[in-house]
Asks: 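Questions regarding the structure given below will be posed in turn.
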Amino acid sequence: MLAAAARLAAQRGTCLLSGPGGGRGLRSGRARSDTDNMKPLEGIKILDMTRVLAGPFATMNLGDLGAEVIKVERPGAGDDTRTWGPPFVGRESAYFLSVNRNKKSIAVNIKDPKGVKIIKELAAVCDVFVENYVPGKLSAVGLGYEDIDKIAPHIIYCSITGYGQTGPLSQRAGYDTVASAFGGLMHITGPKDGDPVRSGVAMTDLATGLYAYGAIMAGLIQRYKTGKGLFIDCNLLSSQVACLTHIAANYLIGQKEAERWGTAHVSIVPYQAFKTKDGFLVVGVGNNQQFATVCKILNLPELIDDPKYKTNHLRVQNRKELIKILSARFEKEMTSKWLYLFEGSGVAYGPINNMKEVFAEPQVLHNDLIMEMKHPTAGKIAVPGPAVRYSKFKMSEARPPPLLGQHTTHILKEVLRYDDKAIGELLSAGVVTQHEAE
């Protein structure tokens, strides 16, 4: 079957643009009248061997752009997050549903040589291979980059790990909370005089997923130019350290150690949350003119020309006294009153919303950030929609996250051209499993 898969890959290559190097590239736009509905990754196949959050978030974003994502899962268990609840909708966890739309699920036992063979055959007809195993684990079963490169030299192979492919920590398991602690994020998150705090969502995982997403897109462009695939090393630690940006630069350039500031900003004042009579309001002042505007809104005009607060540098120096004055004023009115007074001021401001308030916000609704789908067992579900919109194509209605092994038979038959007898033998042997309709 590997030879057959290679032939399929060659056939697919005829509908791909040749780059300057004469090699494979991104799919060209075949003649269509509805070009505004042609997504940039139509025709691109992603072999997704990731689980939990960083990898699935990356591949979901690729699927939103039109790529066909084939999600490989363990028979009987699947992606770890299928059991991460409550809440559950029927048997499906909300966690899994949140990051696995626009994917097809094939359940394959890669501990079985026949399962490894299936993965290799899929790699031969796919454009991108994404995995998040501990370095060396896939190589041990014959699915490392060197193994895949031999049969699919066009492949963009993206490996997502905790700490990188080599080095003293490369064999450690990587989870967001540990990586955010190790990479400095937790040190700078939390109340000024309190303990370190984990971010409310797994931002290290999500940042890594976005880095992987961008790197894969770059890999596809590189293949368009050179005709060759490549290996991408993406890891949680590197992503987190890179995202320290100005906090890291403060230390590397100025040897200034970071500290926790709660909702406040180390270099800008005022730039934080203020308690109101019934909640909180976040206000960000980026320049002296905005500071004057805030003082007028708060009916504290005397602060505008106070020599202690005339510049941001002075306001940072005299932070404690200024914040005390502003805080006392903010607490005298309801949040709704402050929202009314700040409207149209040119100052950045907003309430601290809970989830109910977030998804009732008119701008959130206007930006189409609620994506509804009909799941085969969970029924109607809604998840956060894509963050980016494009002028030349539209985001079509998304396919719901798959059931475990929902597309096993379909993928074997339609993608790899297995006949019914071969599929039946694999199912009987437990090499693959197919979700039975309920």
Side-chain angles (χ1 to χ4, degrees), residues 52-54 56-58 60-61 63-64 81 84-89 92-102 176-177 180 185-186 188-191 197-210 213 243 261-265 270-286 330-331 333-375 378-390 394-398 400-401:
V52 186
L53 185 55
F57 188 61
M60 180 182 72
N61 277 282
D64 284 343
T81 61
W84 285 12
F88 291 96
V89 184
E92 306 298 320
S93 76
Y95 197 120
F96 177 83
L97 295 175
S98 72
V99 289
N100 284 288
R101 66 175 175 263
N102 289 328
D176 170 271
T177 297
S180 71
L185 178 62
M186 200 176 288
I188 59 175
T189 305
V197 172
R198 174 187 176 274
S199 174
V201 291
M203 289 309 302
T204 304
D205 266 348
L206 294 172
T208 305
L210 290 174
Y213 162 70
C243 285
W261 285 96
T263 65
H265 195 290
Y271 195 107
Q272 65 180 75
F274 291 94
K275 194 174 185 344
T276 67
K277 188 177 283 188
D278 65 337
F280 292 89
L281 185 78
V282 176
V283 175
V285 172
F330 273 111
E331 282 199 78
E333 303 289 351
M334 306 283 277
T335 302
S336 58
K337 176 71 175 290
W338 291 124
L339 293 174
Y340 173 77
L341 292 173
F342 272 88
E343 179 64 30
S345 66
V347 175
Y349 71 98
I352 295 181
N353 285 331
N354 60 28
M355 292 304 102
K356 182 178 181 180
E357 292 163 338
V358 167
F359 291 106
E361 277 284 353
Q363 190 65 48
V364 171
L365 298 174
H366 175 81
N367 288 358
D368 291 329
L369 289 172
I370 300 175
M371 178 172 277
E372 295 183 340
M373 294 169 281
K374 182 149 174 56
H375 189 273
K380 185 178 179 181
I381 62 171
V383 298
V388 180
R389 304 288 164 174
Y390 303 85
K394 298 176 182 178
M395 293 288 187
S396 59
E397 186 176 348

Asks: So, taking the atom named CZ in Phe330 and the one named CZ in Phe280, what distance separates them when rounded to the nearest 0.5 Å?
Replies: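 Answer for the CZ-CZ pair, Phe330 versus Phe280, is 13.0 Å.
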Asks: To the nearest 0.5 angstrom, please state how far the CE atom of Met373 sits from the CG atom of Leu97.
Replies: 7.5 Å
Asks: Which distance, rounded to the nearest 0.5 Å, do you find between the CG of Leu206 and the CG of Leu53?
Replies: 4.5 Å
Asks: Is there side-chain contact between Tyr349 and Glu343, with at least one heavy-atom pair below 4.5 Å?
Replies: yes
Asks: Check Asn100 against Pro56 and note the closest heavy-atom contact, atom names and distance.
Replies: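 Scanning both residues, the minimum pair turns out to be OD1-CB, 3.8 Å.
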Asks: Of all the heavy-atom pairs spanning Ala264 and Gln272, show the shortest one and how long it is.
Replies: CA-CB, 3.5 Å
Asks: Quick one: are Glu357 and Ile352 in side-chain contact, heavy atoms under 4.5 Å?
Replies: no
Asks: Are Leu210 and Phe57 side-chain neighbours, meaning at least one heavy-atom pair lies under 4.5 Å?
Replies: yes
Asks: Which pair of non-hydrogen atoms, one from Ser199 and one from Met203, has the smallest distance, and what is that distance?
Replies: OG-CG, 3.4 Å
Asks: Less than 4.5 Å apart, side chain to side chain, heavy atoms only: is that true for Thr263 and Val282?
Replies: no
Asks: Under the criterion side-chain contact (heavy atoms from CB on, under 4.5 Å), I'd like the reasoning laid out for Val283 against Trp338: C-alpha separation, chi angles, the key distance, then a yes or no.
Replies: CA-CA 10 Å; Val283 175; Trp338 291 124; over 6 Å; no
Asks: Should we say atom OH of Tyr271 is surrounded by more than 12 heavy atoms from elsewhere, each under 6.0 Å from it?
Replies: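 Not buried by this count: 12 neighbours or fewer within 6.0 Å.
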Asks: If you take all heavy atoms of Asp368 and Arg389, which pair is closest and at what distance?
Replies: O-NH2, 2.8 Å
Asks: Write down the atom of Leu281, the atom of Pro351, and the distance for their closest heavy-atom approach.
Replies: CD1-N, 4.1 Å
Asks: Do other residues, nucleotides or ligands put more than 12 heavy atoms under 6.0 Å from Lys275 NZ?
Replies: yes
Asks: With a 4.5 Å cut-off on side-chain heavy atoms, are Met60 and Ser98 touching?
Replies: no
Asks: As an exercise, state the distance from OG1 of Thr335 to NZ of Lys277, rounded to the nearest 0.5 Å.
Replies: 11.0 Å
Asks: Output yes when a side-chain donor or acceptor of Asp176 lies under 3.5 Å from a complementary backbone atom of Asp205, and no otherwise.
Replies: yes
Asks: For a 4.5 angstrom cut-off between non-hydrogen side-chain atoms, does Ile381 reach Pro401?
Replies: yes
Asks: I'd like to check Leu369 versus Gln363 (side-chain heavy atoms, cut-off strictly below 4.5 Å). Are they in contact?
Replies: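 No, their side chains stay 4.5 Å or more apart.
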Asks: Show the nearest heavy-atom pair for residues Ile370 and Ala382, with the distance to one decimal.
Replies: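 For Ile370 versus Ala382, the nearest heavy atoms are CG2-CB, 3.9 Å.
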Asks: Hey, what do you get for CG (Asn367) to CD (Glu361), rounding to the nearest 0.5 Å?
Replies: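 Those atoms lie 11.0 Å apart.
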Asks: Within the supplied structure, the quantity of interest is the number of heavy atoms (other residues, nucleotides, ligands) at a distance under 6.0 Å from Tyr390 OH; does it exceed 12?
Replies: yes
Asks: Which value, rounded to the nearest 0.5 Å, describes the distance between Asn354 atom CG and Phe359 atom CZ?
Replies: 11.0 Å
Asks: Are His375 and Val89 side-chain neighbours, meaning at least one heavy-atom pair lies under 4.5 Å?
Replies: no
Asks: Taking Trp84's backbone N and O only, do any of them form a donor-acceptor pair with Thr81's side chain (distance below 3.5 Å, no angle check)?
Replies: no
